[in-house]
Amino acid sequence: MAFQVTWALIAVFSIFIGDVISVDSLNRNPGIVTRINQAGLDFGLEFTVGNLEEDIESVTIPDISGTVNAILFDVNYLVSNIRIAEFEVQTSSLKTVPGVGLELAIRGASFSLNDVSWSSEGGIYSDEGSFDTTIDGLDLDMTLMIRKNEDGHPTMAPEGCSGDVGSIAIDLNSDSWLFGLISGALDDVLTVTLNTQICDIISEQISAYSDDFLTVLNLNVEVDSYTEVDYSLISNPLFEESYMETAHKGEFHPIGQSEWEAPFPVPAIDTTGGLNKMVDIWISDYVINSRYYVLQELGILTYTITEDMLPSTLQYGLNARILGRVIPQLKRRYGKRPMEIVVTSTSPPTVEFSEDGATITEYADLDAYVVLEDTTRVNVFTIALTGHEQASVGVSYRNITLEMTSMSVDAELKHSEIGHLNTLMIQHVVDSYIKSSVLPCLNEIGKQGFPLPHIDFVAYVNPVVSLGKDYILLESDLDWEVHTHPHE
């Protein structure tokens, strides 16, 4: 788990470089663009090093054996039970290498090898015992190559590791003249062995993490009972000076049906801003539009309004007698019978982001029904609706949310079973019903929003939301959530 936060910051907060994002090999733009800046890498490094210290402790180094040529005879030795303990890093850094990957640098680390067993034989003599070893001044440099696999999962592979263990001090737990014959050689052998093994140890930790966590990372996150958003990578991450970027598909589809594709293009996103906080996340309006497309195709965007759902302050109730004030035919034919209004989306709603805000356009049919005594429903008229809304964009915990701030609806009579209707009066009634019942439903969907890329125990701090052509930009710092710091 040594690189969990670092990867989560890298693989989930990123995109590839360009003043305007270009397309990947699949000829599509990313729906979500994320960037982690140097401050974000520094934040992730705190967790990385802490877990690295924990993971390396108790690692066992293979036994060491050899022969020392003494003056009178050769001495054969075996060193076993070589277990790393008390691994501590003094300073470290994680920086981008432009066009390559990330460079992990550790300076002045120390660790010990406690109660190491040794035995030796020379001529007619033999002895055994144990010793403790302290290693100070370990320096290590390693490049982390981060790529995407064929499934869009991230992979992390260490390359080009070099390590220098610095000084070694051996403290024998009991006197032995025979050990004195091998101590000089053993110091050299331990130095060479540790210089090689320390790179292998850290490389194995990273490779195991990539195999056990990254390649099975859940990239499809459920948003509601119907949809999930796909965060898979669409290209390899690229790296620039002081920040790195990755590109994510950022498309909604029905739960468990990742093969779905929205039938409209993904706009290019201008990512020339950002860099003021730890992470920057650009979200295309395509992401939200793909969700509306799925909900439309699944038939979810249908709202039934009954009288008990209406606020008591509404001017118009929902029965034939009250609506008969503006539609006299209803009262004459159906008396006091209750009514239902069914609003059904006829085309996926569309969201368009600009510097002026978010504009939402919706198309729906409003079907008015009278409920007869036998509970059957009779359609009495249908009105075609075109809605135009302005919405504000915000952040709620880990979700991007939309809230309608204004709404206008154009109503046009599409079908009537009760003769001519006064269009102006119908428009007035529709406005009342839409604003009292439909608008709250739309805002409920907007409040759900969709989840931002996140790590379970990391919180967004002082997020700032701004809008541009076809995108939302979220800039935020990060911090450990209260009572959930990974080292507490």
Side-chain angles (χ1 to χ4, degrees), residues 224-226 292 295-296 298-350 359-392 402-448:
D224 52 36
S225 300
Y226 311 100
Y292 282 140
L295 293 175
Q296 175 74 29
L298 295 178
I300 305 303
L301 299 180
T302 297
Y303 313 99
T304 298
I305 306 170
T306 58
E307 188 161 21
D308 60 345
M309 298 169 58
L310 301 177
S312 59
T313 56
L314 185 65
Q315 181 179 358
Y316 299 102
L318 196 50
N319 60 66
R321 182 180 64 86
I322 295 178
L323 280 182
R325 298 172 185 171
V326 293
I327 309 174
Q329 304 96 304
L330 281 175
K331 183 178 180 180
R332 288 196 297 267
R333 288 195 187 188
Y334 299 105
K336 299 180 181 180
R337 296 307 307 166
M339 295 184 65
E340 292 182 358
I341 298 294
V342 178
V343 181
T344 304
S345 174
T346 56
S347 181
T350 59
T359 302
I360 303 172
T361 304
E362 296 166 315
Y363 304 91
D365 281 348
L366 183 153
D367 289 293
Y369 294 90
V370 174
V371 183
L372 302 180
E373 291 185 5
D374 62 0
T375 70
T376 59
R377 299 188 311 172
V378 176
N379 177 250
V380 288
F381 59 83
T382 301
I383 298 173
L385 305 176
T386 302
H388 302 280
E389 297 92 39
Q390 293 296 315
S392 62
L402 291 175
E403 181 178 2
M404 311 301 174
T405 56
S406 66
M407 183 176 189
S408 63
V409 179
D410 298 326
E412 180 180 349
L413 182 63
K414 189 174 182 179
H415 168 76
S416 174
E417 292 289 343
I418 56 176
H420 175 73
L421 302 181
N422 186 319
T423 305
L424 291 178
M425 293 302 296
I426 291 296
Q427 177 76 58
H428 185 64
V429 173
V430 165
D431 287 344
S432 297
Y433 288 149
I434 292 296
K435 292 178 181 179
S436 65
S437 299
V438 176
L439 186 57
C441 291
L442 295 177
N443 274 332
E444 281 303 312
I445 295 177
K447 286 179 182 178
Q448 293 174 11

Requested in this report: Evaluate the side chain to side chain contact (heavy atoms under 4.5 Å, CB included) criterion for residues Ile327 and Leu421: first the C-alpha distance (whole Å), next the side-chain angles of each, then the deciding distance (0.1 Å), finally the verdict.
Outcome: CA-CA 7 Å; Ile327 309 174; Leu421 302 181; 3.5 Å; yes
What are the two closest non-hydrogen atoms of [X] and [Y], and how far apart are they?
{"X": "Gly324", "Y": "Lys331", "result": "CA-CB, 4.0 Å"}
{"X": "Thr405", "Y": "Ala391", "result": "OG1-N, 3.9 Å"}
{"X": "Asn319", "Y": "Pro338", "result": "CB-CA, 4.0 Å"}
{"X": "Val343", "Y": "Ala364", "result": "CG1-CB, 3.8 Å"}
{"X": "Ala368", "Y": "Asn379", "result": "O-ND2, 3.3 Å"}

[X] side-chain N/O to [Y] backbone N/O, donor-acceptor pair under 3.5 Å:
{"X": "Glu362", "Y": "Ser345", "result": "no"}
{"X": "Arg377", "Y": "Val370", "result": "no"}
{"X": "Arg337", "Y": "Leu372", "result": "yes"}
{"X": "Gln329", "Y": "Ile418", "result": "yes"}
{"X": "Thr346", "Y": "Asp365", "result": "no"}
{"X": "Gln427", "Y": "Val409", "result": "yes"}

Any [X] side-chain heavy atom under 4.5 Å of [Y] side chain:
{"X": "Met339", "Y": "Val380", "answer": "yes"}
{"X": "Pro349", "Y": "Leu301", "answer": "yes"}
{"X": "Ile360", "Y": "His388", "answer": "no"}
{"X": "Asn422", "Y": "Val326", "answer": "no"}
{"X": "Tyr363", "Y": "Leu385", "answer": "no"}

Roughly how far, to the nearest 0.5 Å, is the [atom2] atom of [Y] from the [atom1] atom of [X]?
{"X": "Met425", "Y": "Leu323", "atom1": "CE", "atom2": "CG", "answer": "10.0 Å"}
{"X": "Ile322", "Y": "Glu307", "atom1": "CD1", "atom2": "CD", "answer": "5.5 Å"}
{"X": "Glu389", "Y": "Asn443", "atom1": "CD", "atom2": "CG", "answer": "9.0 Å"}
{"X": "Phe381", "Y": "Glu417", "atom1": "CZ", "atom2": "CD", "answer": "12.0 Å"}

Report task. Please report the C-alpha distance between Thr302 and Ile300 in whole Å, then the side-chain angles of each, then the deciding distance to 0.1 Å, and finally whether the side chain to side chain contact (heavy atoms under 4.5 Å, CB included) criterion is met. Result -> CA-CA 6 Å; Thr302 297; Ile300 305 303; over 6 Å; no
Requested in this report: For the pair Glu340 and Ile305, evaluate side chain to side chain contact (heavy atoms under 4.5 Å, CB included) and give the outcome as yes or no after the intermediate values.
Outcome: CA-CA 6 Å; Glu340 292 182 358; Ile305 306 170; over 6 Å; no
**Report entry** Asp367 and Thr382 side chains, donor-acceptor separation under 3.5 Å
**Finding:**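 Yes, a side-chain donor-acceptor pair sits under 3.5 Å.
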Query raised in the report: For residues Ser406 and Gln390, is any side-chain donor paired with an opposing acceptor at under 3.5 Å?
Result: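 No.
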Query - Derivation and outcome, side chain to side chain contact (heavy atoms under 4.5 Å, CB included), residues Tyr303 and Ile341 - result: CA-CA 8 Å; Tyr303 313 99; Ile341 298 294; over 6 Å; no
Requested in this report: Could you tell me whether Tyr369 atom OH has more than 12 heavy atoms of other residues or ligands within 6.0 Å of it?
Outcome: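 Above 12, so yes.
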